[in-house]
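All remarks here apply to the structure that follows.
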Protein chains: 2
Amino acid sequence: MNELTHLKSAGLKSTLPRLKVLSLFESGSERHLSAEDVYKKLLASGDDVGLATVYRVLNQFEQAGLLVKHHFEGDKSVFELNQGDHHDHIVCLQCGRVEEFYDATIEQRQKKAAAERGFELHDHSLYIYANCVKPKCQFRN
Amino acid sequence: MNELTHLKSAGLKSTLPRLKVLSLFESGSERHLSAEDVYKKLLASGDDVGLATVYRVLNQFEQAGLLVKHHFEGDKSVFELNQGDHHDHIVCLQCGRVEEFYDATIEQRQKKAAAERGFELHDHSLYIYANCVKPKCQFRN
DNA sequence: TATGCTAATGCTAATCATTCTCATTTGTAA
DNA sequence: TTACAAATGAGAATGATTAGCATTAGCATA
């Protein structure tokens, strides 16, 4: 299933801005991008889409299930391609690097915690804030 | 250790706005309050402090370790008294009710997940979004 | 392939939470 | 009581995100 099909099946017209945003995520240079990031990257590559459009498209893609939105510490939200595999995130407080992880036990205990208290689990967000170490960590970007 | 001592040991002058904010949290009518909430409650009880002061005081209290700040889904942050016991939160998507829980296994697996990937865990945030059921849930407030 | 309609885009202005500025007021230590 | 730094209050400023609206571009049809 390619970009075009993705858009169609989400009931979205295949427009230039949408294709560009989508292929930016699929190019995979960086997995987690904010609206601002996307906007700048597109400008840098000569494609000029409006910032408002970027916001709109990102939200539509999230609704359509093509992207997932996250709120890391701080204010702005970031998006990543939805590849069907749920995972949580570890964020380096110094360099901002993000690593993904999945822990079946944690998932299961959450479900249990909710159930025991009479809640029907809908969703959850788990972010681990940490410091990564020498080779990988590029202090403050 | 009373309010005054708390403030002093945090290097904060004992001022009227600070005492009022602190006792609001200690009165315990509601555990999780946003800056706006605090502001309105103070106004309602005849104490008029500026909104800017509320924000300042809340942040100082957080730095001082008297309060803990959370970012539930949505935009505004909420604060709660820091009683030393770390816990996570389940938030009802319908009525907004918040319940706290602690799961040692989850805590431990998080530490493990970070360590295995070469991170030094500093902090984490875990929110479960769910729907609570009949008796307790007051749909949409 | 040309036409028309609706959805999409791109500005700019508006919102909302939060922070900053700065003149005025208030704790507090001498 | 005095003096001074720290704290407050009001409103302006900020930063991310959204809304409003005139213009443009997909896309289905003739």
Side-chain angles (χ1 to χ4, degrees), chain A residues 2-24 32-43 45-64 66-79 96, chain B residues 2-24 32-43 45-64 66-79 96:
Chain A
N2 57 31
E3 284 99 354
L4 220 146
T5 325
H6 272 132
L7 292 179
K8 288 252 173 81
S9 65
L12 298 170
K13 276 188 189 170
S14 153
T15 68
L16 240 36
R18 297 215 254 245
L19 290 173
K20 282 172 184 162
V21 169
L22 191 48
S23 64
L24 183 55
H32 303 91
L33 298 171
S34 68
E36 191 72 25
D37 292 339
V38 170
Y39 178 64
K40 286 191 181 145
K41 277 182 184 290
L42 290 183
L43 281 195
S45 57
D47 307 308
D48 65 341
V49 293
L51 180 54
T53 300
V54 171
Y55 274 101
R56 267 185 303 236
V57 168
L58 290 175
N59 286 326
Q60 291 160 344
F61 283 4
E62 193 208 354
Q63 311 260 44
L66 298 179
L67 296 178
V68 182
K69 186 196 263 189
H70 297 291
H71 303 272
F72 296 157
E73 200 142 275
D75 22 25
K76 53 180 64 168
S77 1
V78 299
F79 294 79
Chain B
N2 56 30
E3 285 99 352
L4 218 146
T5 325
H6 271 132
L7 293 179
K8 288 252 172 81
S9 65
L12 298 170
K13 278 189 189 170
S14 153
T15 68
L16 240 36
R18 298 214 253 244
L19 289 173
K20 283 171 184 162
V21 170
L22 191 47
S23 63
L24 182 56
H32 303 91
L33 299 170
S34 68
E36 191 72 26
D37 293 338
V38 170
Y39 178 65
K40 286 192 181 144
K41 277 182 183 290
L42 290 182
L43 282 193
S45 57
D47 307 309
D48 65 342
V49 292
L51 181 55
T53 300
V54 171
Y55 273 101
R56 267 185 304 237
V57 169
L58 290 175
N59 286 325
Q60 291 160 342
F61 284 4
E62 193 208 354
Q63 311 260 43
L66 298 179
L67 296 179
V68 182
K69 186 196 263 190
H70 297 291
H71 303 272
F72 296 158
E73 199 144 278
D75 22 24
K76 54 179 64 167
S77 0
V78 299
F79 294 80

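Since the structure is predicted, the reported quantities are computational estimates derived from the model, not experimental observations. Every chain is numbered from 1 and lettered A, B, ... according to where its sequence line falls, protein lines coming before strand lines.
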Contacts of B:His32 that satisfy side-chain hydrogen bond (donor to acceptor under 3.5 Å, both in side chains) - sequence neighbours left out: B:Glu80, B:His89, B:Glu100
All side-chain hydrogen bond (donor to acceptor under 3.5 Å, both in side chains) counterparts of A:Asp37, not counting sequence neighbours: A:Ser34
Derivation and outcome, side-chain contact (heavy atoms from CB on, under 4.5 Å), residues A:Val57 and A:Lys20: CA-CA 10 Å; A:Val57 168; A:Lys20 282 172 184 162; over 6 Å; no
Under 3.5 Å donor-acceptor, B:Ser23 side chain and B:Leu19 backbone: yes
Whichever of B:Gln60 and A:Lys76 has its nearest DNA chain D nucleotide further upstream toward 5': B:Gln60
Polar side-chain atom of B:Arg18 near backbone of B:Lys13 as donor-acceptor pair, under 3.5 Å: yes
side-chain contact (heavy atoms from CB on, under 4.5 Å) partners of B:Leu43, counting only residues at least two apart: B:Tyr39, B:Asp48
Could you write out each protein N or O paired with an N or O of nucleotides 26-30 of chain D at a distance under 3.5 Å?
residue	atom	partner	partner atom	Å
D:dC27	OP1	A:Ser14	N	3.2

Separation of atom CD in B:Glu73 from atom P in D:dT17, rounded to whole Å: 15 Å
Derivation of the side-chain contact (heavy atoms from CB on, under 4.5 Å) call for A:Val21 and A:Val38: CA-CA 7 Å; A:Val21 169; A:Val38 170; 4.1 Å; yes
Heavy-atom closest pair, residues A:Leu7 and A:Ser14: CD1-CA, 3.9 Å
Separation of D:dT8 C1' from B:Lys20 NZ (nearest whole Å): 12 Å
Span of DNA chain C, from the first to the last nucleotide whose atoms fall under 4.0 Å of chain B heavy atoms: C:dA17 to C:dT28
Set of residues satisfying side-chain contact (heavy atoms from CB on, under 4.5 Å) with respect to B:Ala35, sequence neighbours excluded: B:Val54, B:Tyr55, B:Leu58
Set of residues satisfying side-chain contact (heavy atoms from CB on, under 4.5 Å) with respect to A:Asn59, sequence neighbours excluded: A:Glu62, A:Lys69, A:Phe79
For B:Ser45, all residues meeting side-chain hydrogen bond (donor to acceptor under 3.5 Å, both in side chains), sequence neighbours excluded: B:Asp47
Separation of atom CG in B:Leu7 from atom C1' in D:dA7, rounded to whole Å: 13 Å
Residue whose closest nucleotide on DNA chain C lies nearer the 5' end, B:Lys69 versus A:Arg18: A:Arg18
Set of residues satisfying side-chain contact (heavy atoms from CB on, under 4.5 Å) with respect to A:Gln63, sequence neighbours excluded: none
Set out, line by line, the N/O atom pairs under 3.5 Å between protein and nucleotides 1-4 of chain D.
none

Nucleic acid contacts of residues 47-58 of chain A, taken as heavy-atom distances under 4.0 Å to DNA chain D: A:Ala52, A:Tyr55, A:Arg56
side-chain hydrogen bond (donor to acceptor under 3.5 Å, both in side chains) partners for A:Thr15, two or more places apart: none
